[in-house]
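Written below as structure tokens is the structure these notes are about.
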Amino acid sequence: MVDHLLRLRRVISTIWVISQTIPAASGRPTNSCRSYCGNLTVDYPFGLQPGCGHGGFRDLLFCVNDALMLHIASGSYRVADIDYAYRALTLLDPDMSTCDRIAPGGKGKGKGKGNGFVVEPWRAPYLTPTPDNLFMLLGCRAESPLFQGFPGKHLPCRNVSGMSCEDYLDCPAWDPRPRNGGPGAPPECCGVPFEAIRAINLTRLRCAGYSSAFSVAPLKVKGASEWAYGIRVGYSVGGEFCRECEATAGVCGYDGVAFQDLCICDGWNSTTNCDTGRSPATSLLKTDRFSLSSLLQTLAGLLIASVVL
């Protein structure tokens, strides 16, 4: 009898501990998907935890020593800013040339040419550099795909948002300014918008390096030394799913198996919003008046009463 009581008390103690670790239903889920990395807020459509954010951005962002990193097919980039109002990210590539520094390989010598920018085909509809972003391809060979079919004309090279290679080559890092290679020779710098070639793959393009800058309009800058260097990438999710989910007190996420949108509600998930799609099974286990926590506490109380009696 004594052994039976001891075992019963252990069961009661275990149930009571479990019941204290399960929060009661509050009627409104907390946004457990919102995260922070350094001084940046990571919110929908992005996420650092599986199931958080939009499925098109899964396995994209990682927080490493308080630095937010973005990883795609071409490499890893540090995220300097996320502009949720304009739906854009600013990325930094440490091996990219700027006005003050030519990265190793940027003048056709050495290694470390930089990542460029290549997105996985399935992710491309969600993530692409903005139209006002200028990619400046450096030290490209004459046999580069950029120049095939246009000998001596270099038709792909152009200005973007008032920025040009002509201005860039006046930067201190290029002192003395490169000389023209002569008729038919490829330019030292070829500026292109992303939509012109759809991938900044430096190996395939046979270029030694690159730089990237984006417009800071409506601010007026005097020259390349005042440009904003980095890669400005726009993101898009489409649809009204998340807005409708949040309007019904839900948190936006995605199904990690089916990779479809999910609205994370108070203890259950919906493929629409928190006002529809609730199953009877989850309704029984998760309501304001009768949560799983209260169920375990009630069970523990009944066991205590049986022992006392």
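Hydrogens, waters and symmetry mates play no part in the numbers below; they use all other heavy atoms, side chains included.
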For a side chain to side chain contact (heavy atoms under 4.5 Å, CB included) check, start with the C-alpha distance between L61 and L68, then their side-chain angles and the critical distance, and finish with the verdict. CA-CA 7 Å; L61 297 182; L68 188 61; 4.1 Å; yes
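- A side-chain donor from one of D132 and T130 sits under 3.5 Å from a side-chain acceptor of the other.
- Side chain of S211 to main chain of S97: a donor-acceptor pair is present (N/O by atom type, distance under 3.5 Å, no hydrogens or angles).
- The shortest heavy-atom contact between M69 and S76 is CE-CB, 4.3 Å.
- The number of heavy atoms from other shown groups lying within 6.0 Å of CZ (R141) does not exceed 12.
- Of the two cysteines examined, C37 and C63, the SG atoms meet the criterion of being under 2.5 Å apart.
- In this structure, cysteines C52 and C33 have SG atoms closer than 2.5 angstrom.
- E166 and R177 are joined by a salt bridge, as a carboxylate oxygen and a charged side-chain nitrogen come within less than 4.0 angstrom of each other.
- Rounding to the nearest 0.5 angstrom, the gap separating the CG atom in L91 from the CD1 atom in I231 is 6.0 Å.
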Check the pair H71 / L60 against side chain to side chain contact (heavy atoms under 4.5 Å, CB included), numbers first and verdict last. CA-CA 5 Å; H71 183 75; L60 179 70; over 6 Å; no
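- Checked against the 6.0 Å centroid criterion, the rings of Y229 and F214 do not qualify as a close aromatic pair.
- Listed for the S270 side chain is a donor-acceptor partner under 3.5 Å among the backbone atoms of T276.
- For the pair L127 and V119, the tightest heavy-atom approach, listed with the atom from each and the gap, is O-CG2, 4.0 Å.
- The CD1 atom of I72 lies 6.5 Å from the CD atom of E120; values are rounded to the nearest 0.5 Å.
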I'd like to know whether D43 forms a side-chain hydrogen bond (donor to acceptor under 3.5 Å, both in side chains) with T41, so could you lay out the CA-CA distance, the side-chain angles of the two residues, the decisive distance to 0.1 Å, and finally the verdict. CA-CA 6 Å; D43 210 340; T41 301; over 6 Å; no
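- A donor-acceptor pair under 3.5 Å is formed between the side chain of S144 and the backbone N or O of L146.
- N201 places a side-chain N or O within 3.5 Å of a backbone atom of R204 that can act as its donor or acceptor partner.
- N115 contributes no side-chain N or O that, together with a main-chain N or O of F117, makes up a donor-acceptor pair within less than 3.5 Å.
- Once rounded to the nearest 0.5 Å, the distance linking CZ of R58 with CZ of F46 reads 14.5 Å.
- Taking each heavy atom of N133 and R232 in turn, the nearest pair found is OD1-N, 2.8 Å.
- Taking the centre of each ring, Y254 and H54 stay at or above the 6.0 Å mark.
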Report the C-alpha distance between L137 and I200 in whole Å, list the side-chain angles of each, state the deciding distance to 0.1 Å, and finish with yes or no for side chain to side chain contact (heavy atoms under 4.5 Å, CB included). CA-CA 9 Å; L137 303 174; I200 309 299; 3.8 Å; yes
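- How far CD of E188 is from CH2 of W174: 4.5 Å, rounded to the nearest 0.5 Å.
- No side-chain donor-acceptor contact under 3.5 Å links E244 to the backbone of T272.
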Assess the residue pair Y77 and L89 against the criterion (side chain to side chain contact (heavy atoms under 4.5 Å, CB included)); give the C-alpha distance rounded to whole Å, side-chain angles, the decisive distance to 0.1 Å, and a yes or no. CA-CA 11 Å; Y77 308 77; L89 304 96; over 6 Å; no
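- Residues V216 and I82 fall within the same hydrophobic cluster, defined by Ile, Leu, Val, Met, Phe, Trp and Tyr side chains chained together at heavy-atom separations under 4.5 Å.
- To the nearest 0.5 Å, the span separating CG on L262 from CG on D255 amounts to 5.0 Å.
- For the cysteines C190 and C140, the sulfur (SG) atoms lie at a distance of at least 2.5 angstrom from each other.
- Taking the charged nitrogens against the carboxylate oxygens, K222 and D167 have no contact shorter than 4.0 Å, which rules out a salt bridge.
- Between C99 and C171, the gamma sulfurs sit within a distance below 2.5 angstrom.
- Here the closest heavy-atom approach between residue N273 and residue C245 is recorded as CB-CA, 4.3 Å.
- The heavy-atom pair separating C165 from M136 by the smallest distance is SG-CG, 3.9 Å.
- Between C265 and C274 the SG-SG gap is short of 2.5 angstrom.
- With values rounded to the nearest 0.5 angstrom, Y86 atom OH is found 12.5 Å from Y235 atom OH.
- Residues G114 and L202 approach most closely at O-CD1, 3.7 Å, considering heavy atoms.
- R78 contributes no side-chain N or O that, together with a main-chain N or O of A67, makes up a donor-acceptor pair within less than 3.5 Å.
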